[in-house]
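Keep in mind that the numbers below use all heavy atoms, side chains included, and drop hydrogens, waters and symmetry copies. Each chain gets a letter, A, B and so on, in the order its sequence line appears, and its residues count up from 1. Quick caveat, the model's predicted, so the values are computed rather than measured.
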Amino acid sequence: MFMLFSKMFIPTMRETPSDAEAASHKLMLRAGYVRQLASGLYIFLPLGWRVLNRINKILKEEMEAIGAQEISMPILHPAEIWQKTGRWYEIKDEMFRLKDRTDRDMCLGMTHEEIMTWLASREIRSYRHLPQIWYQIQTKLRDEARPKSGVLRTREFIMKDSYSFDMDDRGLEKNYNLHAKAYHKIFERCGLVFYQVESDPGMMGGATAHEFMAPSPAGEDDIILCNQCGYTANIEVAHSIPPPIKHPDWQYEEVHTPQKKTVKEVSDFLNIRPYYFIKSLLFIADKEPVLALVRGDQEFHEKKLLKIIGNFRQATKDEVNSTLGVDPGFIGPMGHKIRILGDLSLTEGSYVTGANKPDYHIKGIMPNVHFSAEWHDLHVAKEGEQCPKCNTLIKAEKAIEIGNIFKLGTKYSMPLNAVFLDKGGQERHIIMGSYGIGPARIAAAAIEQNYDKDGIIWPKNIAPFDVEIIPLSVNDEKTIEVLEMLYENLAERGFEVIIDDRDERPGVKFKDADLIGVPVQVILGEKSLKDDQIEIKSRRTKETKKVPVKNAVEETIAFFKELQ
RNA sequence: CGGGGCGUGGCUCAGCUUGGUAGAGCGUUCGGUUCGGGACCGAAAGGUCGGAGGUUCAAAUCCUCUCGCCCCGACCA
């Protein structure tokens, strides 16, 4: 297969549109892959669509390889099904809602757990029908609060989503692991650097979830990594052991700290390091006040507390006063009757904390001596702390979420009554899993991880073309002769080739070729052709190899095969 | 939703403070010279200055409202 540059719609730009920030966003615009229609809505131009299709082809191959069957679901859904699972009410502005002409409530699909489960509930009757894996590559719509970074976060996007249906947890475990393995193959084939990390199942429900993360400064997520034992987790669930500290032999005493409220202020004032402090934060959970404690050098982790006590909010200044009898800034954990939760790093030692009276702090307070608390992990893990599994120093990185896998259990099969009869004739709920991948995010992540000042450097399996042939002169007879020989042979051998047949100056063609990022460039110049040679150039390294015309096809293929 | 920024030919931007003929570079079209890393010369087309209202003899410029887009945060099924 070959295409002519002059006939294709590839609107490259010399300058970067001013509202692009992320490298992938800038380059996809400049190189003519996408155009923006409105906030969070993107048009994929021929090159961009080719890339997505190549990614989708890989997705399909790996899904079929684990026995998944492709289907296609509507993106317009009746409200009732979403009402049955409760998500119609739980999800707020992020769901696009509308009514049909008969005033029936409808919504646009943000994901397809409900509809897939609905189908299973109607069609699956017996254990003999299980297990099943159904998948689709389908448009999703979410009215994102903040679309950003080009195609990384959009309101309409394509997603590969698959769903597994099993009779029991063992079956789910198997399908979950099959998906994890398939995902590893997919992201490897797409040429990405990635990690599988522990993640928060969130509103998807279920106990276990992992995310696949492509490290990149453009990413929205923070992940924690341990190079030693391989522990990886999203910061939302990551554990860590803060650096241990040596505790001084303080006497329990009040110290005067006029107007000093924050840890930093008191720390500077008393000349005591922040990690010797206990930070006390008051929250209101279902009307019950809860005091949360973290070490002074630690950041309090809201989601971790949420999982323990359920919904809560920060207490107002007045509530702090009426509950604890003191203004924020001078709170200490001693002498209160309310529920107290403390971070695990505080279980022993001697600390500084608020004295529960204005302008005073307590030095020498000891957990489990001067106060008691329920101990939980309540802090945000950060770089420089220790791995919870092997004590090695951990690293933090930003990453793009390119895929996720969830064990759903019966979260959807219960409300939608998706049941089957087991061997014993017993009616049981289907055990489900759901698994997503965002192809556009793969493309963007691939660019974020592979570009230079001149443009995109595609991993070879997802590039829009394998080879770009650049005849420097389109009026030279010998050039045309070699060109035809080359592309016909390459196309015959299954390569996808683009030919820059435009009557442009060489500089323009080189610039565009680098910008577009096809991994192999074959340059046909009159000078080299005089010696019966052509040039094969790597987009990534810019290294050029001259080879005789008679070996051009084989050499080009060999060159391509050696690339990543 | 909170905070910040920006809307002027297709793209990047100047002009706005201090109201008075709407500009530049790139791109596009035509002609010519060029031709191995975004060439050069000449000519031309192309703009309701995001929109509405107001102030004024006069508004891209000042005021009010509004819409859109980007960034930070919150949110993210």
Side-chain angles (χ1 to χ4, degrees), chain A residues 11-22 25-26 29-32 35-42 82 85-96 107-115 140-150 152-155 157 159 161 199-206 209 211 218-221 234 236 302-303 306 313-314 400-401 404 406 408 411-412 434 436 438 441 453-455 470-476 479 500 502-516 521 523-530 534-535 537 542 544 546:
Chain A
T12 60
M13 292 187 277
R14 191 195 292 248
E15 285 179 282
T16 308
S18 58
D19 42 1
E21 192 80 9
H25 189 196
K26 287 182 191 167
L29 287 169
R30 278 194 60 207
R35 285 295 182 264
Q36 185 180 32
L37 173 64
S39 180
L41 298 175
Y42 280 83
W82 287 81
T85 63
R87 286 163 116 191
W88 177 265
Y89 310 103
E90 282 163 31
I91 298 166
K92 306 235 158 69
D93 295 339
E94 210 144 307
M95 180 184 269
F96 282 108
C107 65
L108 301 180
M110 319 177 54
T111 173
H112 282 80
E113 279 78 16
E114 275 78 359
I115 313 304
K140 314 282 178 199
L141 292 116
R142 297 180 188 173
D143 197 358
E144 288 285 350
R146 185 148 96 84
K148 58 182 286 198
S149 306
L152 274 179
R153 189 166 203 82
T154 54
R155 296 192 292 176
F157 57 97
M159 180 167 150
D161 48 326
S199 71
D200 185 355
M203 297 287 286
M204 284 296 248
E211 288 164 335
E220 300 181 88
D221 289 276
N234 192 310
E236 299 198 332
E302 291 195 12
K303 287 212 166 155
L306 180 76
R313 61 173 173 83
Q314 209 165 10
I400 298 165
E401 183 187 349
N404 51 40
F406 295 95
L408 299 176
K411 159 143 186 164
Y412 296 92
S434 93
R441 283 192 171 182
K453 65 174 174 38
D454 295 312
I470 306 172
L472 295 185
S473 165
V474 289
N475 303 311
D476 175 60
T479 302
D500 194 345
R502 296 175 300 170
D503 192 4
E504 285 285 358
R505 303 169 63 83
V508 173
K509 297 190 182 192
F510 289 138
K511 288 287 185 192
D512 273 345
D514 288 349
L515 183 58
I516 287 164
Q521 299 171 4
I523 299 153
L524 310 181
E526 288 177 75
K527 286 178 197 163
S528 305
L529 286 174
K530 268 191 195 127
I534 60 145
E535 292 156 50
K537 185 170 163 188
K542 303 272 176 86
T544 302
K546 289 200 177 196

Can you find a heavy atom in the side chain of [X] that is under 4.5 Å from one in the side chain of [Y]?
X: A:Asn475; Y: A:Asp503; result: yes
X: A:Asp19; Y: A:His25; result: no
X: A:Leu529; Y: A:Ile534; result: yes

Round to the nearest Å and state the distance from [X] atom [atom1] to [N] atom [atom2].
X: A:Leu29; N: B:C70; atom1: CG; atom2: C1'; result: 12 Å
X: A:Arg155; N: B:C70; atom1: CZ; atom2: C1'; result: 14 Å
X: A:Leu529; N: B:G36; atom1: CG; atom2: P; result: 14 Å
X: A:Lys530; N: B:G36; atom1: NZ; atom2: C1'; result: 12 Å
X: A:Arg502; N: B:C35; atom1: CZ; atom2: C1'; result: 15 Å
X: A:Tyr42; N: B:C69; atom1: OH; atom2: P; result: 10 Å
X: A:Leu37; N: B:G68; atom1: CG; atom2: P; result: 13 Å
X: A:Asp512; N: B:G38; atom1: CG; atom2: P; result: 12 Å

By the 4.0 Å heavy-atom rule, please label [X] as base, sugar-phosphate, or nothing.
X: A:Asp514; result: base
X: A:Asp93; result: nothing
X: A:Glu504; result: nothing
X: A:Lys303; result: sugar-phosphate
X: A:Arg30; result: base
X: A:Ser473; result: nothing
X: A:Ile470; result: nothing
X: A:Glu535; result: base

### Task
Inspect the contact between A:Glu113 and A:Lys411 and indicate whether a charged nitrogen and a carboxylate oxygen are less than 4.0 angstrom apart.
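Looking at A:Glu113 together with A:Lys411, the answer is no, because their closest N to O distance does not fall below 4.0 Å.
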#### Entry: N-O pairing of A:Glu504 and A:Lys509 below 4.0 Å
no
Would you confirm whether [X], through its side chain, and [Y], through its main-chain N or O, come within 3.5 Å as a donor-acceptor pair?
X: A:Arg142; Y: A:Arg155; value: no
X: A:Gln36; Y: A:Ala38; value: yes
X: A:Arg87; Y: A:Trp82; value: no

With rounding to the closest Å, how many angstrom separate the [atom1] atoms on [N] and [M]?
N: B:A14; M: B:G54; atom1: P; value: 30 Å
N: B:C1; M: B:G9; atom1: P; value: 28 Å
N: B:U17; M: B:G31; atom1: P; value: 45 Å
N: B:C49; M: B:C62; atom1: P; value: 15 Å
N: B:C63; M: B:C70; atom1: C1'; value: 26 Å
N: B:U29; M: B:C72; atom1: P; value: 37 Å
N: B:C6; M: B:G50; atom1: P; value: 13 Å
N: B:G47; M: B:U28; atom1: C1'; value: 15 Å

Can you figure out which of [options] approaches the side chain of [X] most closely?
X: A:Pro506; options: B:C26, B:C69, B:G36; result: B:G36
X: A:Leu515; options: B:G38, B:G36, B:C69; result: B:G38
X: A:Gln36; options: B:C13, B:C69, B:G38; result: B:C69

### Message
Under 3.5 Å, is there any donor-acceptor pair linking the side chain of A:Arg505 to the base of B:U34?
### Response
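Between B:U34 and A:Arg505, which were checked side chain against base, a qualifying N/O pair under 3.5 Å is present.
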### Query
Ignoring hydrogens and angles, does a donor from either the side chain of A:Glu15 or the base of B:G38 sit under 3.5 Å from an acceptor on the other?
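Between B:G38 and A:Glu15, which were checked side chain against base, a qualifying N/O pair under 3.5 Å is absent.
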Counting Watson-Crick and G-U wobble pairs only, both distances under 3.5 Å, name the nucleotide matched with [N], or none.
N: B:C49; result: none
N: B:C57; result: B:G20
N: B:U28; result: B:A44
N: B:A74; result: none
N: B:C6; result: B:G68

#### Entry: Heavy-atom neighbours of A:Glu220 CD exceed 12 at 6.0 Å
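Correct, the count exceeds 12.
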Can you name the atoms? Protein N/O to nucleotides 71-74 of chain B N/O, anything below 3.5 Å, with the distance.
residue: B:C71; atom: OP1; partner: A:Ser149; partner atom: N; Å: 3.4
residue: B:C72; atom: OP2; partner: A:Arg146; partner atom: NH1; Å: 3.1
residue: B:C72; atom: OP2; partner: A:Arg146; partner atom: NH2; Å: 2.8

### Task
Please assess A:Lys140 against A:His112 for the test side-chain hydrogen bond (donor to acceptor under 3.5 Å, both in side chains), listing each intermediate value before the final yes or no.
CA-CA 9 Å; A:Lys140 314 282 178 199; A:His112 282 80; 2.5 Å; yes
### Query
Relative to the 5' end of RNA chain B, which residue comes earlier, A:Lys509 or A:Glu144, by the nucleotide with the nearest heavy atom?
A:Lys509
### Message
Side-chain N or O of A:Ser39 versus OP1/OP2 of B:C70: is the shortest distance under 4.0 Å?
### Response
yes
